[in-house]
Visitor: 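Below is the structure I would like to discuss, written out as structure tokens.
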Amino acid sequence: MNLDLTDIQGNILRAYGFPFARYVFLNFTSQHQGMKFLGAVIPHITNSEIWLEEKPSSTLNIGLSRSALTALNVPTASINSFPVEFLNGMADRAKALGDVADSAPANWDDVWQGRVDLWISINALTEEDRETKFKILEDLIAQTNGAEILAIQNSNALTINGAPSKKEHFGYSDGIAQPDFEGSHSVNTPGDGEIAGNGKWKDLKNGEFLLGYPNEAEEDGNLPVPMLLAKNGSFMVYRKLEQNVKAFRDYVDAWGERYPGGKEKLMAKFMGRWRDGTPLALSPEKMDPELVADAQRSNNFTYKDDMDGAKCPLGAHVRRANPRDSILFNGKLASRRRIVRRGMPYGNYVPEGETVNEEERGIIFMALNSSISRQFEFIQQQWINYGNDFHLGESSDPVLGNRPTPGRFVIPGTGEDNPPFICSDMQSFITLKGGDYFFIPSITALHQLSAGLIDPR
Ligand code: HEM
């Protein structure tokens, strides 16, 4: 399907793959100055056009929260047409999302204790490029007086052994599986789209990630009005997830000694992939660097020959987050629960064996989807924090689960010689430090917003 690539923000259709990022949180100063600021930012926004020559050295994208729409005085009928979870915001959904105890909104970073209208992201090739783009943003703010910066969050690929790495702080390779959809810049990677039968895959429908197009149910979904505001936009979830590296390492060290397969295999069972990214579904006994390096194979698997989880546990992170064909309707249900993951780690990596200092570190998790409630919230609520769909009752994701009271993780066995192994006394390894839901408008919609032209009739 031909999409208007000049109208769609670039972060929806492609992963930029830059090692440095900065997320800037802002409030509009007033309606009119705010409209001026928005208008001034538009020419600097990176759209989805194909980069025919080399990549630009930096990119810029923008998202608006509900309070931004109010600040811009968007007509009430239009604001009310937005999905309820977006209107309520992420803090309001905390209980349903399991964001309780240390992860509860009262404990989030200061910036999330008040109103946040805008998320502006800068991705860059070098730290210098990031500063150059940030200076442009600061100049636009100074020229228009239309926004004030509340906070900034830097994020970067982890430097391990002197080089930028694909790893996150617990040591796993990340950024492998990603839903291919008709309009995404990456298409036809086996395993990334949806199951098409006979070992084949096909791209998901645009409407799962882009507003204004048919989704997997051949419906348009409940779109905000008017269509000009909604079309070519998307919704983004922003979550700052702090990783407690010491607790995680101590746990896998201690339980790795008890588990017959040892620590490395235990970590693979938690994730569903070995630390180098090799999927357990394809290589349950060992890492396979050649397999991981081959994009045609590294994500090309299903779970239907492993329904008991002997290879990849039913509760492993990647199997919960995308159960593929292991739940109802041969993968069709999972196709309605996909998310495009963007984002990167923040903080410095602590090499294994070294004392973990008190500095902040974790992942800036960002997910794009056309329905936050059907896609992200469902995964977080039903699959990450709760395990009923996998016959695991209340047991939560071993890596991500919020466990104010310690939980457990079951590694299924294969019979009498190899009984199930149960890891117990498992605390939370992740604490949510804040975030919200943002609307990522099209360039057309941004023009309309900056000109005060939204007419819901
Ligand atoms: C600190 C937090 C997190 C860590 C350390 C983490 C780590 C990982 C790793 C290492 C992978 C495997 C590599 C890959 O397939 O790209 C992965 C995959 C994935 N994660 Fe996470 N993740 C985190 C948070 C989340 C959250 C909050 C969600 C959603 C609610 C999520 C959803 C997914 C999905 C959908 C996949 C791909 C699964 C597939 O298609 O096979 N992750 N994650």
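When reading the values below, keep in mind they use all heavy atoms of this one structure, side chains included, and skip hydrogens, waters and symmetry mates. As the structure lists them, so they are numbered: ligands from 1, and atoms in each ligand from 1. We're numbering straight along the sequence, starting at 1.
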Visitor: Side chain or backbone of Ile176 under 4.0 Å from ligand 1, or both, or neither, by non-hydrogen atoms?
Guide: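 Contact part for Ile176 vs ligand 1: both backbone and side chain.
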Visitor: Any N or O of Met271 that comes nearer than 3.5 Å to an N or O of ligand 1?
Guide: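 By distance alone, the answer is no.
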Visitor: Polar-atom distance check: Ala177 versus ligand 1, any N or O pair below 3.5 Å?
Guide: yes
Visitor: Evaluate the criterion side chain to side chain donor-acceptor pair (under 3.5 Å) for residue pair Lys166 and Ser173; output intermediate values, then yes/no.
Guide: CA-CA 5 Å; Lys166 281 190 76 174; Ser173 294; over 6 Å; no
Visitor: Identify the closest protein heavy atom to atom 1 (C) of ligand 1: which residue and atom is it, and at what distance?
Guide: Ile430 CD1, 3.2 Å
Visitor: Give the atoms of ligand 1, by number and element, whose distance to some non-hydrogen atom of Phe376 is under 4.0 Å.
Guide: 30 (C)
Visitor: Atom OG in Ser373, atom CZ in Arg93: separation rounded to 0.5 Å?
Guide: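 Nearest 0.5 Å value for the OG-CZ distance: 6.5 Å.
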Visitor: Measure the acute angle between the ring planes of Trp119 and Phe438, then classify it against the limits of 30° and 60° as parallel, tilted or perpendicular.
Guide: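 Rings of Trp119 and Phe438: tilted, as their planes differ by 30° to 60°.
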Visitor: Is it the case that Arg324 places NZ or CZ above or below the six-membered ring of Phe301, under 6.0 angstrom from the centre and within 45 degrees of the axis?
Guide: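 Yes, Arg324 lies over the aromatic ring of Phe301.
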Visitor: Applying a heavy-atom cut-off of 4.0 Å, say which part of His169 lies close to ligand 1: side chain, backbone, both or neither.
Guide: neither
Visitor: Output the list of atoms in ligand 1 that are nearer than 4.0 Å to some heavy atom of Gln243, sorted by atom number.
Guide: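 Near Gln243, the atoms of ligand 1 are 1 (C), 5 (C).
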Visitor: Establish, for the pair Arg249 and Phe170, whether the NZ or CZ atom is under 6.0 angstrom from the six-membered ring centre and no further than 45 degrees off its axis.
Guide: no
Visitor: So which protein heavy atom does atom 28 (C) of ligand 1 come closest to, and at what separation?
Guide: Phe365 CE1, 3.3 Å
Visitor: Indicate the ring-plane relationship of Tyr16 and Trp51, choosing parallel, tilted or perpendicular according to the 30° and 60° boundaries.
Guide: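 Aromatic pair Tyr16/Trp51 classed parallel.
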Visitor: Between Arg239 and ligand 1, find which residue part has any heavy-atom pair under 4.0 Å and reply side chain, backbone, both or neither.
Guide: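 The answer is neither; Arg239 stays 4.0 Å or more away.
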Visitor: Looking only at non-hydrogen atoms, which of Thr431, Leu400, Asp174, Ile363 approaches atom 4 (C) of ligand 1 most closely?
Guide: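 Looking at heavy atoms only, Ile363 sits closest to atom 4 (C) of ligand 1.
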Visitor: Report yes or no: is the cationic atom of Arg337 (NZ for Lys, CZ for Arg) under 6.0 Å from the centre of the six-membered ring of Phe378, at an angle within 45° of the ring normal?
Guide: yes
Visitor: Could you pull out, from Ala321, Gly171, Ala316, the option with a heavy atom nearest to atom 35 (C) of ligand 1?
Guide: Ala321
Visitor: Would Asn322 count as being in polar contact with ligand 1, using the rule that some N or O on each side must be under 3.5 angstrom apart?
Guide: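 It does: an N or O of Asn322 is found under 3.5 Å from an N or O of ligand 1.
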Visitor: Enumerate the atoms of ligand 1 whose separation from the nearest heavy atom of Tyr172 is less than 4.0 angstrom.
Guide: 10 (C)
Visitor: Short N/O distance, under 3.5 Å, between His317 and ligand 1?
Guide: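 Checking ligand 1 against His317, an N or O pair does fall under 3.5 Å apart.
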Visitor: Is the Phe429 to Tyr251 ring centre distance short of 6.0 Å?
Guide: yes
Visitor: Give the atom numbers and elements of ligand 1 that come within less than 4.0 Å of a heavy atom of Gly175.
Guide: 16 (O)
Visitor: Specify the protein heavy atom at minimum distance from atom 12 (C) of ligand 1: its residue, its atom name, and the distance to 0.1 Å.
Guide: Val318 CG1, 3.7 Å
Visitor: Run Tyr437 and Phe86 through ring-ring contact (aromatic ring centres under 6.0 Å, His included) and show every step you take.
Guide: CA-CA 6 Å; Tyr437 296 156; Phe86 170 78; 7.9 Å; no
Visitor: Show me which atoms of ligand 1 lie under 4.0 Å from any heavy atom of Glu168.
Guide: 5 (C)
Visitor: When you compare ligand 1 with Arg324, is there at least one nitrogen or oxygen pair between them that comes in under 3.5 angstrom?
Guide: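 Yes; the residue has a nitrogen or oxygen that sits under 3.5 Å from a nitrogen or oxygen of the ligand.
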Visitor: Specify side chain, backbone, both or neither for Ser173, according to which of its non-hydrogen atoms lie closer than 4.0 Å to ligand 1.
Guide: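 Backbone only; the side chain of Ser173 stays clear of ligand 1.
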Visitor: I'd like to know whether Asp180 forms a side chain to side chain donor-acceptor pair (under 3.5 Å) with Thr189, so could you lay out the CA-CA distance, the side-chain angles of the two residues, the decisive distance to 0.1 Å, and finally the verdict.
Guide: CA-CA 7 Å; Asp180 279 348; Thr189 314; 3.2 Å; yes
Visitor: Do Lys231 and Tyr213 meet the cation-pi criteria used here (NZ or CZ under 6.0 Å from the six-membered ring centre, within 45° of the axis)?
Guide: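 Verdict for Tyr213: a cation-pi partner in Lys231.
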Visitor: Within 45° of the axis and under 6.0 Å from the centre of the six-membered ring of Tyr346, does NZ or CZ of Lys240 qualify?
Guide: yes
Visitor: Do Arg341 and ligand 1 have an N or O pair less than 3.5 Å apart?
Guide: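 Yes; at least one N/O pair falls below 3.5 Å.
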